[in-house]
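Here's the structure we're looking at; comments come further down.
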Amino acid sequence: MATLLQSRLVKYKCSCDEWSALSDLFYCKHCRALKCRGCSSNEIDMLFCPSCLENSSVTEARLKKYRCMSCNECPKCGRLLAVRTANEKFYLVCIGCRWTTRETDTPDQQASSQWPMQENPYEEEIQNVIEKMRGLANIEKAQRDQRDLKKRPMNSGYRLTDKFGLQQMYERRRKTFEKATVDVPVHEPVDPTPFSLDFLSAKPRPTLDQIMRQPLAGDQPPKPVHVALKSRKSIRCSCQHTLVKLEYGPSTIKYKLNMFARNFIPEVRLSRTPNLKAGNENWVMISLTNHTSCKLDLTLTPESGEGLMNCSTGEIALNLPFAEDSSDLLGTEKRSDNEAVVFRQRHRVGIRLDVSQVAEDAPPLGLMMNLRLDDSFIQTPLTKNEETKPSDEPQWLAIPVRLTLQDS
Amino acid sequence: MDLPVVTYEKEEYVETASGNKICKKNTIASNTIFGTQNIIISGKTIIQKDVILRGDLAVIRIGRYCIVQRGTIIRPSLKQFVRKPTMFPVTIGDSVFVEEECVINAAYIGSFVHVGARSVLGRACTIKECCRVLPDSVVSADAVFPPFSTIGGNPARIVGQEPECTENLMVEATTMYYDNFVPSNLPKASFA
Amino acid sequence: MSSNLPSSREPKESRDPKPSRRSTSNLSNFSVTSTAGFSSIDNIKSPVVIELGARTTKIGLAGDSSPRSIFRTEFVDENSVKFTSVQLLSPRSSRLDPNGYNALVKFIKNIFDVLGTMPKDRRVIVLENVLTETSFRVKLSQIILEVLQCPSIWFVTSHLCATFPFNTANALVVDIGSAETIILPVSEGVTLLSCVHVSSSVSSLYLEVRCDQLMRAHGQRESPEGVRSALRDEDWRIIRESNVLETIVVSHCFCTTRERALAHKKPGAKKPEPEAEEVVLKFDGLTLIVPPYVREMTCEILFDQELTMEMGDDCALPNLLHDLSRKLPIDLKRQMFSNILVTGGSAMFPGFNSRLKEELQAMADQQKLKTADDVKFYQFDDINSQLYLSWLGASMIGSLQDVVQNRSLTRESFLNGGRPQDWLDNFSTRPYQAELFGEKSR
């Protein structure tokens with residue numbers, strides 16, 4: 001898990017120059033680059049209710065005002081309401097705060113779904129005003145078009161049908177004809193509601209959270225709030241190719257397409273909590289794990305620069321087999337290991353880096369990973385007409401990595 | 001960070017044929033696991049010290065590569081139906097990591113879920129796959145949480161979204177934990 | 001009233017390329033509509049309306065009669081770092097404050113997530129108050145147009161939008177917010193920007209400060225046995241963490257009459273009868289007693305000039321309104337007081353409007369003015385409309401496609417160096433010239 005393995009300590013540089021942990025990165029085969037959530041775009045895959053896990057399409061959702069018709073939340077505390085039956089009718093109960101729909105003026109309903117929602121009493125009035133505004137907007141548009149029409153040349157391609165320019169004159173006159181606007185009265189200002197001794201009572205008014213949850217309730221007893229729909233996303237690279245797409249169904253965890261970066265790039269992890277003291281020679285143990293399904297060829301170069309830890313270990317060339325690789329069981333491959341490699345276990349290597357620091361707080365440790373791209377990294381062109389890259393020339397992907405050694 | 005090697009006293013744990021490692025010597029009571037005939041553990045699961053499994057109430061099903069840390073209570077809950085109250089079985093999926101001192105009355109915990117320390121999962125709640133429950137959170141009864149949600153607070157709400165590769169991460173973490181959970185008197189030359 | 005929309009002072013944003021029409025003749029079926037498919041977007045999808053308040057954010061689609069969602073302007077990122085509204089809405093540039101900038105980007109992405117819609121498809125309408133810093137506007141435009149790739153953005157004045165639901169062209173809009181109060185008169189659809197008045201002491205921030213002060217002086221705790229005593233330091237920690245002061249102010253305080261307030265203030269005078277009831281609140285193990293004095297007198301900070309000057313060094317509400325009416329032209333003074341429009345979440349107290357009327361009339365009597373003879377308020381009863389009135393107005397005007405299209409700043413023009421225009425940029429110095437788009441000046 002991200003927190004179990006503390007993968008947030010290690011950050012990789014994405015193609016958009018942002019640093020993210022490996023679990024938040026994706027790899028695009030077409031662009032041959034890492035993409036993070038910031039540089040890739042999200043798309044709404046489907047809308048679903050978080051409690052009944054029922055999905056709905058965008059048009060359905062719009063009709064239902066983006067709320068689930070069967071699930072309700074308590075207006076007081078926000079928990080999901082449970083349905084109880086009494087005399088073949090249903091009422092809703094909140095388990096947390098003991099609020100029930102019986103406290104409101106709505107009677108028990110015949111059906112447990114489609115509970116009546118809070119309506120806005122001024123809805124009609126507001127729609128009338130919008131109509132009036134629409135009328136004004138049309139007038140404005142007519143005036144503007146008339147002005148534009150003046151600028152246009154008179155004889156623009158209608159010589160055949162519009163010999164004497166009569167049609168155009170008629171049209172221009174027609175446009176200046178002002179449409180009658182709907183006359184909607186002003187909502188008149190009134191005298192304020194006077195002070196009443198009811199204000200003195202200790203009966204609590206809704207809290208800000210309750211008002212925000214159901215603003216239309218006002219001073220009346222609140223009604224159950226329909227649960228808002230949540231959206232599920234699929235991720236698409238800037239080159240328009242999809243990177244991550246889940247299967248159909250709101251409660252699935254299977255992917256149709258999953259170009260996670262960890263399926264292509266080895267994972268660097270801190271192996272042990274480093275014991276760092278200023279001035280002394282310390283070492284940092286990191287482990288490199290190959291989660292991909294093929295052998296990886298890479299070189300790891302510690303970077304020492306500004307703001308980075310001073311590392312004296314040189315460049316390390318590695319050949320990481322994948323998890324199910326059975327080739328070295330035969331012992332045929334002899335690896336000339338670098339002295340920095342202290343441990344090797346199937347698809348993992350442990351590396352010791354010698355660092356030294358001057359100041360008290362440890363700056364991050366910088367590494368440059370150079371990965372050789374073989375065929376599984378590249379999207380092979382479908383047609384032969386596209387320029388084929390010569391396969392003998394290896395392609396390399398350079399990925400800077402930063403490890404936070406000390407929790408600041 | 002790689003998970004460290006955790007050792008245990010060989011005498012305190014029972015290792016079954018399917019690879020389950022269950023602690024038999026507890027500090028709070030002599031026996032903390034009740035109704036063992038109702039408890040089905042699929043394999044390669046670790047049940048640590050002082051974990052109470054109330055199999056005497058209803059069936060408890062735990063998947064593979066699960067880790068239940070010490071002090072946790074897994075207790076099937078009661079569901080009041082119209083005619084008669086029934087005990088809801090607890091189903092826990094694969095690669096679930098339950099931290100210390102949690103109280104689980106949930107009806108269903110999906111696979112690849114990470115439950116934080118001291119959290120309380122209320123009666124008959126449903127946590128779908130690949131979720132993460134933050135430490136010290138209290139999930140209300142009958143709550144349902146969709147996959148990939150980060151759940152936290154009291155009452156628990158969805159506070160974030162989990163990364164898409166959670167399944168892979170949890171599989172790796174739980175297998176690594178299982179591999180590194182070794183008896184103390186066995187010499188093991190391991191570095192990681 | 002002129003046939004133009006009350007859009008005066010709305011800055012003329014860089015316009016979309018106009019639909020090039022050769023003729024509207026019925027014989028012609030040859031009309032090349034605008035480029036970039038905006039009309040196809042407009043036909044289907046209504047714009048997203050966002051109001052970023054200092055305490056609450058209201059979001060929804062244009063055309064709705066109430067916001068889809070109202071939530072606090074706060075953000076917690078994946079590392080559990082909390083960002084307050086001050087940090088999110090700060091005008092500091094992204095270079096100086098990269099964390100705050102990233103948090104704001106994620107906050108706005110979250111808005112689109114809650115609405116279940118893609119930023120690429122939706123025009124955005126953002127409500128702002130007239131005193132928003134330009135750097136914040138540019139920052140917001142950059143996030144919405146460049147980072148999220150929305151097609152266009154339109155900044156609307158929140159005070160003007162508040163008048164739309166009432167279908168009125170004349171109103172004295174008083175927006176009592178969380179950080180400050182801004183008063184702006186609107187006459188015949190023209191915002192009288194020269195008369196804008198601001199006070200930072202009349203705000204929910206200061207309401208909570210006052211409540212804190214009064215609770216420290218009069219609040220009590222009750223032990224499980226029923227013994228009452230003063231509040232202790234650890235109680236104040238619980239009060240801070242559970243946001244108790246906000247609960248007390250929103251749910252239990254009210255605006256009392258002028259008579260009662262004066263009676264309370266006079267030292268040694270008889271307390272007014274009947275007394276308000278005390279309130280017992282239970283939080284996290286602490287039983288808090290809110291005495292009636294606190295309930296009644298917290299709101300005095302809105303009306304009492306001495307108190308506001310002492311606490312916040314700024315005017316109280318009635319003084320502010322009378323100052324403003326002095327600056328108004330003579331024909332508008334009485335009219336404005338009969339057309340007061342109170343908006344803003346901090347004005348949702350019972351008894352607020354009637355107390356404001358009493359105070360205005362008392363002050364007018366003192367100064368021998370006749371302007372406050374007839375004080376009337378625009379109000380929608382019973383729907384907590386003050387919290388989202390401006391949002392509602394923006395939603396109404398946002399449902400008019402042509403209006404939005406013509407006044408928005410498009411993505412293309414922003415990327416080519418265009419900037420959202422400020423209300424000062426379109427100052428016309430010829431007072432009687434009415435431009436086609438209804439831009440009048442005062």
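Each chain gets a letter, A, B and so on, in the order the sequences are listed, and its residues count up from 1. Heavy atoms only: backbone and side chains are in, while hydrogens, waters and symmetry mates are out.
- For a residue to count as touching a neighbouring chain, one of its non-hydrogen atoms must lie under 4.5 Å from one of that chain's; by this rule A/Arg67 touches chain C with the side chain only.
- Comparing A/Pro121, A/Pro185, A/Gly38, A/Cys39 by how many heavy-atom pairs each has under 4.5 Å with chain C, the most go to A/Pro185.
- Atom CG in C/Leu400 sits 11.5 Å away from atom NZ in A/Lys141 (nearest 0.5 Å).
- Applying the 6.0 Å contact sphere to CD of C/Glu259 captures no more than 12 heavy atoms from other residues, nucleotides or ligands.
- At a threshold of 4.5 Å between non-hydrogen side-chain atoms, the residues C/Lys109 and A/Asn42 do not count as touching.
- For a residue to count as touching a neighbouring chain, one of its non-hydrogen atoms must lie under 4.5 Å from one of that chain's; by this rule A/Ser41 touches chain C with the side chain only.
- With chain A as the partner, the residue from C/Ser69, C/Ala276, C/Pro165 showing the most heavy-atom pairs under 4.5 Å is C/Ala276.
- The NZ atom of C/Lys106 lies 10.0 Å from the CZ atom of A/Arg37; values are rounded to the nearest 0.5 Å.
- Contact count versus chain C (heavy atoms, under 4.5 Å) is highest, among A/Ser231, A/Ser201, A/Pro204, for A/Ser201.
- Scanning all heavy atoms of the two residues, the minimum distance from C/Lys357 to A/Asp191 falls at NZ-OD1, 3.0 Å.
- Inter-residue side-chain proximity for C/Tyr388 and A/Met212 is flagged as unmet; no heavy-atom pair is nearer than 4.5 Å.
- Between chain A and the options C/Thr256, C/Thr56, C/Leu115, C/Leu387, the largest number of non-hydrogen pairs under 4.5 Å is found for C/Thr256.
- Proximity to chain C (any heavy atom under 4.5 Å) is restricted, for A/Glu188, to the backbone atoms N, CA, C and O.
- When each of C/Leu356, C/Thr117, C/Val147, C/Thr247 is checked for heavy-atom pairs under 4.5 Å with chain A, C/Thr117 comes out on top.
- A 6.0 Å sphere centred on CD of C/Glu275 holds no more than 12 heavy atoms belonging to other residues, nucleotides or ligands.
- Side-chain contact between C/Asp64 and A/Lys65 is absent, with no heavy-atom pair separated by less than 4.5 Å.
- Contact annotation for A/Pro215: both backbone and side-chain heavy atoms come within less than 4.5 Å of a heavy atom of chain C.
- Between A/Glu140 and C/Asp402, every side-chain heavy-atom pair lies at or beyond the 4.5 Å cut-off.
- Among the candidates A/Ala202, A/Pro189, A/Pro192, the residue making the largest number of heavy-atom pairs closer than 4.5 Å to chain C is A/Pro189.
- Residue A/Ala228: no heavy atom, backbone or side chain, is found under 4.5 Å from chain C.
- No part of A/Gln118 comes within reach of chain C, as not one of its non-hydrogen atoms sits under 4.5 angstrom from that chain.
- Contact annotation: the side chain of A/Arg205 never approaches that of C/Val250 to less than 4.5 Å [non-hydrogen atoms, C-beta and beyond].
- In terms of heavy-atom pairs under 4.5 angstrom with chain C, the leader among A/Leu47, A/Thr207, A/Asp198 is A/Thr207.
- A salt bridge links A/Lys233 with C/Asp113: the closest approach of a Lys/Arg side-chain nitrogen to an acidic carboxylate oxygen falls below 4.0 angstrom.
- Residue A/Arg134 holds its CZ atom at 7.5 Å from CD of C/Gln401, rounded to the nearest 0.5 Å.
- Screening C/Glu358, C/Arg260, C/Arg355, C/Arg258 against A/Phe195 for a side-chain contact (heavy atoms from CB on, under 4.5 Å) leaves a single residue, C/Arg260.
- Residue with the most contacts toward chain C among A/Leu208, A/Leu197, A/Asp219: A/Leu208 (heavy-atom pairs, distance under 4.5 Å).
- For C/Val105, no part lies near chain A; criterion is any non-hydrogen pair under 4.5 Å.
- The greatest number of non-hydrogen atom pairs below 4.5 Å with chain A, out of C/Gly63, C/Pro67, C/Cys253, is found for C/Cys253.
- For A/Asn120, the part lying under 4.5 angstrom from a heavy atom of chain C is the side chain only.
- The structure places CD of A/Gln214 at 12.5 Å from CD1 of C/Ile383, a figure rounded to the nearest 0.5 Å.
- Interface remark: of the candidates C/Arg295, C/Arg55, C/Glu246, C/Arg295 forms the most heavy-atom pairs closer than 4.5 Å to chain A.
- For a residue to count as touching a neighbouring chain, one of its non-hydrogen atoms must lie under 4.5 Å from one of that chain's; by this rule C/Val375 touches chain A with the backbone only.
- Heavy-atom pairs under 4.5 Å with chain A were tallied for C/Ser385, C/Gly116, C/Pro350, C/Gly351; the largest tally goes to C/Pro350.
- Between C/Phe380 and A/Tyr122, the two ring planes are tilted [angle within 30° to 60°].
- If you tally non-hydrogen atom pairs under 4.5 Å between each of A/Val190, A/Asp209, A/Ile130, A/Ile126 and chain C, the highest count goes to A/Val190.
- More than 12 heavy atoms of other residues, nucleotides or ligands lie within 6.0 Å of CD in A/Gln127, so this atom counts as buried by the packing criterion.
- Put simply, the side chain of A/His187 does not reach to within 4.5 Å of the side chain of C/Asn167, judged on heavy atoms.
- C/Phe166 is not listed as a side-chain neighbour of A/Val129, based on a closest heavy-atom distance of 4.5 Å or more.
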